*Asks:* 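Take a look at this one; I'll ask things after.
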Number of protein chains: 2
Amino acid sequence: MTLNRRLAAKAARLLPEHKPPGSPGLILEAALKLFAERGYAAASVREIAAASGLKPATIYGHYPSKEHILAELCRVGHEEQNRSVRAAVLNSGADPRDQIVAYVRAHVGMHTSFPMLAVVANAELHVLSAELGAATFSLREQSERLLGEIIQRGLDRGVFHVPNAWLAVAAIGGMGLRVAYWYSPEYRLEPHEVADVYAEYALRILAVKTDPSAGL
Amino acid sequence: MTLNRRLAAKAARLLPEHKPPGSPGLILEAALKLFAERGYAAASVREIAAASGLKPATIYGHYPSKEHILAELCRVGHEEQNRSVRAAVLNSGADPRDQIVAYVRAHVGMHTSFPMLAVVANAELHVLSAELGAATFSLREQSERLLGEIIQRGLDRGVFHVPNAWLAVAAIGGMGLRVAYWYSPEYRLEPHEVADVYAEYALRILAVKTDPSAGL
DNA sequence: GTCTATATGAAGATAGAC
DNA sequence: GTCTATCTTCATATAGAC
């Protein structure tokens, strides 16, 4: 028996447009839960089949391999994450401060709304081959580049003050990513409340003007 | 072939006092590298044996099971992390701002100095049984409680200004934890430089006084 | 302490009937 | 589309010689 859960969330959630009808959708959802809770390598095709109400062989009528199921989950996870931060930033106006708030709210919101998808898409991505991971890697790079560009624009305009844009990307992205591990719908704060606080943290990280003689 | 690495670090590092002499130490170090790069479930005892220059059966002369090897790695990782943040805070004086700087520097420093150990101790902890994980869970809780107490003291003294102490613990802890995934000795910043920047970020998150009427 | 050899089970995946 | 049955490989772990 294991004492500790890998993540707090208990239910697997997929956006309707990412869940195909019939057995493929059931398989995807069952795999999402198992991959999130136990990890890709520790979850077997037999377990995915049992959780889908199917026999193992039936899985292979819908997905060519277990790795293809993971690839699809990683892809839809990063797709939703990329779509949501891009839409948020496009709707936020030209001020880098507004853009950061929009980006972080969307980023954190995705991790509270789809914690299992976020955990699988991030923590299990490394097992994918170059071919099966290509779509996901591209989406991930786009999202990260967008955050970097917002921060760089804020630095160029003099509204942000950090010594190193990339470290700010890493810190802001990293704190958001971890939300998926501890957030669950039973948590006393609503998703938007967590997102608002993290957006404020990101602004604080970026927008505090420090004394240049202090060495930072 | 996999395109993406799970973490940037390429070498397994253990503190001398955590690496027993002879074969047990070789086994521990080989397992650390394999568990960090591929994950616990995807790394086999055969591979650990090969990387240690031993045969699989020899492993069981030193560790009762593969899970016991992981338990030992999780324990020493959390032990070093707990030891280092406690020592840092004890040496930092009574001001919560100094304590936060000391804590985050030590926390990030541990994740840059021992990235594989940090990744394994955090990402693979969930597979341990209650018995084998007990020592680690206790250390992890101590470290987290220490950070929470520093923040609460700063709030009580009016030097920190956040709406929710636990969210600050999660954000500051989370951004530090992620460092282990991207940092490697080839990175252009030295460990202490990364640690200093992250300590400044933590101070900014906590110590920015906002307008109370703004709702945060 | 280390080895060879092996027990035992479970893994991913396929063949072919219905 | 789904099933039963099975192939093949690899997993953790053990027995017992040196």
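All figures in this text were calculated on a predicted structure; none of them were measured in a lab. Here is how names work: the chains are called A, B, and so on, in the same order as the sequence lines, proteins then strands, and each is numbered from 1.
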*Asks:* For residues 103-118 of chain B, pull every pair meeting salt bridge (charged side-chain N to carboxylate O under 4.0 Å, His left out), keeping only residues two or more places apart or in separate chains.
*Replies:* B:Arg105-B:Asp196
*Asks:* Is the ring pair B:Tyr183/B:Tyr187 parallel, tilted or perpendicular, if the boundaries are 30 and 60 degrees?
*Replies:* perpendicular
*Asks:* Of all residues at least two apart in sequence or in a different chain, which pass the salt bridge (Lys or Arg N to Asp or Glu O under 4.0 Å) check with B:Arg145?
*Replies:* B:Glu141
*Asks:* How many whole angstroms separate atom CD of B:Glu67 from atom C1' of D:dA13?
*Replies:* 14 Å
*Asks:* Classify A:Ala43 by what it touches in the nucleic acid, base, sugar-phosphate, or nothing, heavy-atom distance under 4.0 Å.
*Replies:* sugar-phosphate
*Asks:* On the 0 to 90° scale, with breaks at 30° and 60°, tag the A:Tyr40-A:Phe35 ring pair as parallel, tilted or perpendicular.
*Replies:* perpendicular
*Asks:* At the 4.0 Å heavy-atom cut-off to chain A, mark where contacts on DNA chain C begin and end, going 5' to 3'.
*Replies:* C:dA11 to C:dA15
*Asks:* Do B:Glu149 and B:Arg153 make a side-chain contact, defined as non-hydrogen atoms from C-beta onward lying under 4.5 Å apart?
*Replies:* no
*Asks:* With sequence neighbours excluded, what pairs up with A:Arg97 under the salt bridge (Lys or Arg N to Asp or Glu O under 4.0 Å) test?
*Replies:* A:Asp95
*Asks:* The criterion is salt bridge (Lys or Arg N to Asp or Glu O under 4.0 Å); which residues satisfy it with B:Arg75, sequence neighbours excluded?
*Replies:* B:Glu72, B:Glu79
*Asks:* Of A:Arg46 and A:His62, whose closest DNA chain D nucleotide lies nearer the 5' terminus?
*Replies:* A:His62
*Asks:* Output the residues of residues 51-60 of chain A in contact with DNA chain C, where contact means a heavy atom of the residue under 4.0 Å from an atom of the strand; sort by number or write none.
*Replies:* A:Ala57, A:Tyr60
*Asks:* Go through the steps to decide whether A:Lys33 and A:Glu37 satisfy the test salt bridge (Lys or Arg N to Asp or Glu O under 4.0 Å), and finish with yes or no.
*Replies:* CA-CA 6 Å; A:Lys33 185 162 157 62; A:Glu37 289 175 345; 2.9 Å; yes
